[in-house]
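Shown next, in structure tokens, is the structure this report addresses.
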There are 2 protein chains.
Amino acid sequence: MSLNTKQIEKISKALGDANRLKILQHIAKKGGCGFCSEIQEESPLAQPSVSHHLKVLIEAGLIDAEKEGRNQKYTLNDAVLKEYTSAVTMLNFA
Amino acid sequence: MSLNTKQIEKISKALGDANRLKILQHIAKKGGCGFCSEIQEESPLAQPSVSHHLKVLIEAGLIDAEKEGRNQKYTLNDAVLKEYTSAVTMLNFA
DNA sequence: TAGACACATCGAAATATTTCAATATATCTT
DNA sequence: AAGATATATTGAAATATTTCGATGTGTCTA
């Protein structure tokens, strides 16, 4: 599966915010899998704002969400991240 | 030289627009070096808009500008692009 | 089942980005 | 030097994004 311009644009936009970059770093630091509550604790933002940023990351395909009881678990989508960086490096997408 | 969060954010923002992605692709297709007039011809946007997008790419460090008479030549900054993709892949930046 | 807890959604305000007409600047040509 | 050409800047309107309080939804615990 290879990414098109619209997807590259969306992923880039998702990466174009310091709060979201921090969230991704947090998840990566936790071995690619982090919980919403942890992310909220590390963030200076209000809960709905964090929720919004997580949604943007999900819609870009950078993370996947999974419910565990009343908690949300977020997993880094390494495949998408790799496809993104690969496509951007070569500027190879339609 | 390695990129920090602010720089990653800025580059991502610059990449988060279809018009700018097209511009970069055009320059890449031309061997990493393209002219303003060409870029304007290929773009559906008005001249000031193209000029604006080029400025965003320059400020992100993705391209460098050089004057040739009354024309502007834009060169892809492969080093920055590579540092960006590398940092994003590893989510490794401060 | 009532209350607590975790998270999502809505709606509105604040801020940022995109776009273009008008105009400025710099360089080339005649 | 005057006009033409190439690009940049300004200022304003349209649009998108960010943020948060209030509230909704689903799940756990007592």
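Residue numbering restarts at 1 for every chain, and letters A, B, ... go by the order of the sequence lines.
- Every stem involving DNA chain C, taken as at least 3 paired positions in a row under the Watson-Crick or G-U wobble test at 3.5 Å, is listed here: C:1-30 with D:1-30.
- With a 4.5 Å cut-off on side-chain heavy atoms, B:Ile8 and A:Leu15 do not count as touching.
- Using a 4.5 Å heavy-atom cutoff, the side chains of B:Glu66 and B:Gln72 are not in contact.
- DNA chain C lies under 4.0 Å from no heavy atom of any residue of residues 10-32 of chain A.
- Among pairs with a residue in residues 46-56 of chain B, those fulfilling side chain to side chain donor-acceptor pair (under 3.5 Å) read B:Arg20-B:His53, at least two apart in sequence or across chains.
- Here the side chains of B:Ser43 and B:Lys22 are not in contact, with every heavy-atom distance at 4.5 Å or above.
- Residues A:Val56 and A:Ile63 are members of separate hydrophobic clusters, defined by side-chain heavy-atom contacts under 4.5 angstrom among Ile, Leu, Val, Met, Phe, Trp and Tyr.
- Both A:Lys67 and A:Ser49 lie near DNA chain D, and the one whose nearest nucleotide falls closer to the 5' end is A:Ser49.
- Using a 4.5 Å heavy-atom cutoff, the side chains of B:Leu3 and B:Ile11 are in contact.
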I'd like to compare against my own output: the B/S/- annotation of nucleotides 7-13 of chain C with a strict under-4.0 Å heavy-atom distance to protein. BBB----
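- Between B:Gln25 and B:Lys29, the closest side-chain pair of non-hydrogen atoms is not below 4.5 Å.
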Which pairs of donor and acceptor atoms, one on a side chain in residues 86-94 of chain A, lie under 3.5 Å apart (sequence neighbours left out)?
unit_1  : atom_1 : unit_2  : atom_2 : d
A:Thr89 : OG1    : A:Thr85 : O      : 2.5
A:Thr89 : OG1    : B:Thr85 : OG1    : 3.2

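- Here the side chains of B:Glu68 and B:Phe35 are in contact, with some heavy-atom distance below 4.5 Å.
- Within the 4.5 Å cutoff, no side-chain heavy atoms of A:Cys33 are placed close to those of A:Tyr74.
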Could you give me the CA-CA distance, side-chain angles and deciding distance for A:Leu24 and A:Leu57, then say whether side chain to side chain contact (heavy atoms under 4.5 Å, CB included) is met? CA-CA 9 Å; A:Leu24 290 175; A:Leu57 291 171; 4.0 Å; yes
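- Between B:Val50 and B:Ile39 the shortest side-chain heavy-atom distance falls below 4.5 Å.
- Chain B approaches DNA chain D within less than 4.0 angstrom (heavy atoms of the protein), and the contacting nucleotides run 5' to 3' from D:dA4 to D:dT9.
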